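All chains are named by letter (A, B, ...) in the order of the sequence lines, taking the proteins before the strands, and each is independently numbered beginning at 1. Not measured: the values here are computed from a predicted model.
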Amino acid sequence: MLYLEKGVRKLAEVRTRFAPSPTGFLHLGGARTALFNWALARKEGGKFILRIEDTDVARSTEEAVEAILDGLRWLGLDWDEGPYFQSQRLEIYRKYALLLWEKGLAYECFCTPEELEERREKTMAQGINWRYDRKCWNLNEEEKEKLKREGRKPVLRFYIPPGETTFVDMLRGEVRFQNEELDDFVIMKSDGMPTYNFACVVDDALMKISHVIRGDDHISNTPRQVLLYQAFRFPIPQFAHIPMILGKDKARLSKRHGSPSVTYYRDQGYLPDALFNYLARLSWASGEEEKEIFSREEIVERFSLENVTKHPAVFDLDKLNWMNSVYIRQADNKYLCSILEEILVRRGRIKPEEITPSHREYWEKVIALMKERIKYVAQLEEEASYFFTEEVEFDPLAFEEVLQREGVEEILKECEEVLSQIEDFRAPVLEEAVREMAKERGMKAAQIIHPLRVAVSGKKVGPGLFELLEVLGKERVIGRIQRARQRIRETRSSGISGGG
RNA sequence: GGCCCAAUCGAAUAGUGGUUAGUUCAGCGGGCUCUCAAUCCGCAAGCCGGGGUUCAAUUCCCCGUUGGGCCA
């Protein structure tokens with residue numbers, strides 16, 4: 001069931017927003033918040049607004065703004081208005097702060113951080129909870145003038161009235177706070193910058209945001225914000241606090257859990273639709289059984305805050321991997337190839353200017369062969385590097401267990417001879433030749449297939465051998481067989497790797 | 001420390017005042033097969049604890065526990 005603030009917002013238009021601070025990359029949690037806001041706006045035919053909360057000048061960067069915009073675009077979370085930058089709206093906050101001050105709802109405070117700290121410690125020592133003691137609320141004009149002449153720059157504090165503040169959270173119903181728990185918080189800092197709660201309320205009100213959907217770490221900010229809405233007589237929006245995303249250990253998602261950055265997943269070759277789907281399914285379920293794969297359209301169609309859960313969600317890489325593998329299998333090879341190309345360039349396997357149409361043709365074949373067995377595209381570079389290098393690196397165990405066995409060098413020698421004869425280097429032809437060879441030798445085809453796979457790929461596992469041979473091409477295959485034979489002979493004569 | 005929020009298999013979730021509590025991922029076993037993957041079949045696994053309310057509680061209420069958050 002959905003809890004709605006009564007009598008508020010009968011606004012025709014649903015307007016949601018995503019309001020990140022540009023202090024780093026786009027976080028998975030942030031992306032999911034953006035996604036829910038976006039989905040509701042799209043579902044209701046409303047507007048999705050992007051606002052950059054960059055009033056913390058010291059920590060905000062231009063690169064972070066770009067990273068966030070990139071991440072949103074990549075995920076297909078297109079916005080209808082903005083990005084608005086709070087740093088360009090400072091005059092507006094000042095104006096509204098002045099309004100509160102004039103109405104006597106906010107007051108100047110001259111206490112320095114050191115003074116506050118001192119009084120706080122004293123209070124805490126008595127076992128009493130510290131809240132701002134309203135020292136400056138009681139200052140008279142004369143005292144204020146004196147402090148100003150001393151060169152003190154005041155902050156502006158909001159006066160919290162007595163009583164209690166409640167708001168309706170769409171997911172949880174009414175949430176109550178005793179006002180005495182909230183202290184007179186700062187709305188404008190001494191340098192003239194607004195604080196988070198203040199700028200956020202002014203903007204949400206002026207931008208006519210109808211639904212504030214954000215992480216539930218903001219629940220305790222909400223009563224302060226509600227008090228501001230009331231002070232300004234702004235209409236109160238619907239609030240929905242969605243659960244946070246946690247790591248496997250149930251701690252807040254961070255670098256320790258792999259990377260929490262959207263960009264990282266893009267760079268690993270996760271498909272945007274897959275990450276979108278996965279993120280949407282964290283804390284939200286359509287209610288349909290057996291269905292996990294949803295297109296964007298399907299998600300928009302079905303989305304409702306009503307079936308968003310309230311408990312924290314654990315990010316599960318296994319499930320994302322599975323989901324991504326489903327999307328990869330369904331994806332177009334050319335599309336996957338473009339992703340692979342970026343990865344190869346980024347990882348220095350090839351320079352952009354060296355790429356030729358024949359490279360692309362080859363990579364597309366690699367993808368056609370491998371798309372069924374990878375979870376993310378970069379896995380090709382990481383675990384099937386034999387497609388992209390000339391020198392095959394042998395997995396030590398595979399070398400020892402498969403290639404160093406009695407008679408294998410002999411078998412490979414014959415393979416080399418047989419395969420060299422084949423002009424039409426295609427899988428069915430190759431398969432027939434190898435099976436014929438096995439028959440003549442009176443052995444199982446597997447006894448040839450396995451060594452041959454290790455010889456050309458260095459690994460015991462991989463795609464079907466004959467398809468692999470075809471994709472690698474005759475020249476590479478013959479060369480690799482020769483090198484494998486050489487390695488076997490070297491190892492044997494030097495007697496190093498004492499397996500056998 | 002104060003305040004706030006939450007709680008169904010390992011994870012994501014469905015669901016209900018009376019159900020054999022369902023599904024997806026992961027795990028395990030098996031079929032297929034040149035290995036891996038894909039695919040198919042099967043198995044295992046859950047209502048945090050205690051009190052109420054009720055004929056009946058996983059479901060409603062309270063307390064506790066645990067986890068998370070905000071402030072300090």
Side-chain angles (χ1 to χ4, degrees), chain A residues 116-117 120-121 123-132 164-167 169 171-173 175-183 185 196-197 214-224 241-253 277-294 307-326 328-329 369-375 379 383-384 398 401-402 427 430-431 434-435 438 444-454 457 459-469:
Chain A
L116 289 170
E117 179 64 16
R120 187 168 61 87
E121 278 182 12
T123 313
M124 297 287 278
Q126 296 167 43
I128 301 168
N129 244 306
W130 162 263
R131 263 163 248 117
Y132 179 64
E164 73 173 10
T165 300
T166 65
F167 65 92
D169 181 281
L171 307 179
R172 310 154 218 271
V175 182
R176 311 178 93 84
F177 286 83
Q178 296 304 315
N179 289 6
E180 59 202 36
E181 298 293 341
L182 320 162
D183 60 3
F185 61 95
Y196 163 73
N197 280 316
R214 52 167 40 150
D216 65 16
D217 48 336
H218 285 290
I219 288 180
S220 37
N221 278 323
T222 308
R224 290 174 240 274
H241 291 95
I242 61 177
M244 308 200 64
I245 301 179
L246 307 180
K248 241 185 163 53
D249 55 1
K250 308 245 180 189
R252 202 185 187 123
L253 197 61
N277 190 163
Y278 177 72
L279 251 20
R281 278 285 294 104
L282 267 186
S283 304
W284 174 79
S286 70
E288 284 155 274
E289 301 228 316
E290 296 188 49
K291 184 169 170 70
E292 291 286 329
I293 304 298
F294 296 92
N307 35 37
V308 170
T309 60
K310 300 189 274 265
H311 55 272
V314 174
F315 179 78
D316 182 11
L317 187 59
D318 280 333
K319 186 148 184 177
L320 171 60
N321 279 338
W322 165 76
M323 201 170 267
N324 199 50
S325 74
V326 172
I328 285 178
R329 266 176 266 141
L369 187 58
M370 297 296 285
K371 69 195 283 192
E372 200 172 73
R373 51 202 100 216
I374 54 172
K375 300 182 172 93
Q379 228 177 346
E383 290 166 36
E401 289 181 357
V402 181
L430 297 166
E431 175 156 15
V434 169
R435 290 199 186 277
K444 283 179 161 174
Q447 288 175 278
I448 299 173
I449 288 170
H450 294 304
L452 203 45
R453 173 179 291 108
V454 176
S457 73
K459 295 182 184 302
K460 284 207 284 190
V461 300
L465 178 75
F466 305 106
E467 289 75 18
L468 174 62
L469 296 179

Between the protein and nucleotides 60-68 of chain B, which nitrogen or oxygen pairs come in under 3.5 angstrom?
none

Does [X] use its side chain to pair, donor to acceptor, with the backbone of [Y] at less than 3.5 Å?
X: A/Arg224; Y: A/Leu182; value: no
X: A/Arg453; Y: A/Leu468; value: no
X: A/Asn307; Y: A/Trp284; value: no
X: A/Glu181; Y: A/Gln178; value: no

Does A/Asp316 pair with A/Lys319 as a salt bridge, N-O distance under 4.0 Å? no

Is [X] touching bases, backbone alone, or none of the nucleic acid, heavy atoms closer than 4.0 Å?
X: A/Leu465; value: base
X: A/Ala445; value: nothing
X: A/Gly215; value: nothing
X: A/Phe177; value: sugar-phosphate
X: A/Thr309; value: sugar-phosphate
X: A/Glu372; value: base
X: A/Pro463; value: base

Gap separating the CD atom of A/Glu372 from the CZ atom of A/Arg329, nearest 0.5 angstrom: 7.0 Å

Taken to the nearest 0.5 Å, the spacing of A/Asp216 CG from A/Lys310 NZ works out to 12.0 Å

Only pairs with both distances under 3.5 Å count, Watson-Crick or wobble alike; so what is the partner of B/rU20 in this structure? none

Which whole-number value in Å describes the distance from [X] [atom1] to [N] [atom2]?
X: A/Ile242; N: B/rG69; atom1: CD1; atom2: P; value: 15 Å
X: A/His218; N: B/rC4; atom1: NE2; atom2: C1'; value: 14 Å
X: A/Gln379; N: B/rC36; atom1: CD; atom2: C1'; value: 12 Å
X: A/Asp318; N: B/rG10; atom1: CG; atom2: P; value: 15 Å
X: A/Leu469; N: B/rU35; atom1: CG; atom2: C1'; value: 14 Å
X: A/Phe315; N: B/rU24; atom1: CZ; atom2: P; value: 21 Å
X: A/Leu369; N: B/rC36; atom1: CG; atom2: P; value: 16 Å
X: A/Leu282; N: B/rA14; atom1: CG; atom2: P; value: 12 Å

In whole angstrom, give me the gap between the [atom1] atoms of [N] and [M].
N: B/rA12; M: B/rC47; atom1: P; result: 16 Å
N: B/rG29; M: B/rA21; atom1: C1'; result: 25 Å
N: B/rG50; M: B/rA7; atom1: C1'; result: 16 Å
N: B/rU23; M: B/rC40; atom1: P; result: 15 Å

For A/Glu288 and for A/Arg329, find the nucleotide of RNA chain B with the closest heavy atom, then tell me which residue's nucleotide is more 5'. A/Glu288

Pick the closest RNA chain B nucleotide for A/Ile374 and for A/Val314 by heavy atoms, then say which residue is nearer the 5' end. A/Val314

Among B/rU35, B/rU23, B/rC3, the one nearest A/Glu181 by side-chain distance: B/rC3

Between A/Tyr132 and A/Phe185, does the ring centroid distance fall short of 6.0 Å? no

Look at A/Arg131 and B/rG2 and indicate whether a side-chain polar atom (N or O) is within less than 4.0 Å of OP1 or OP2. no

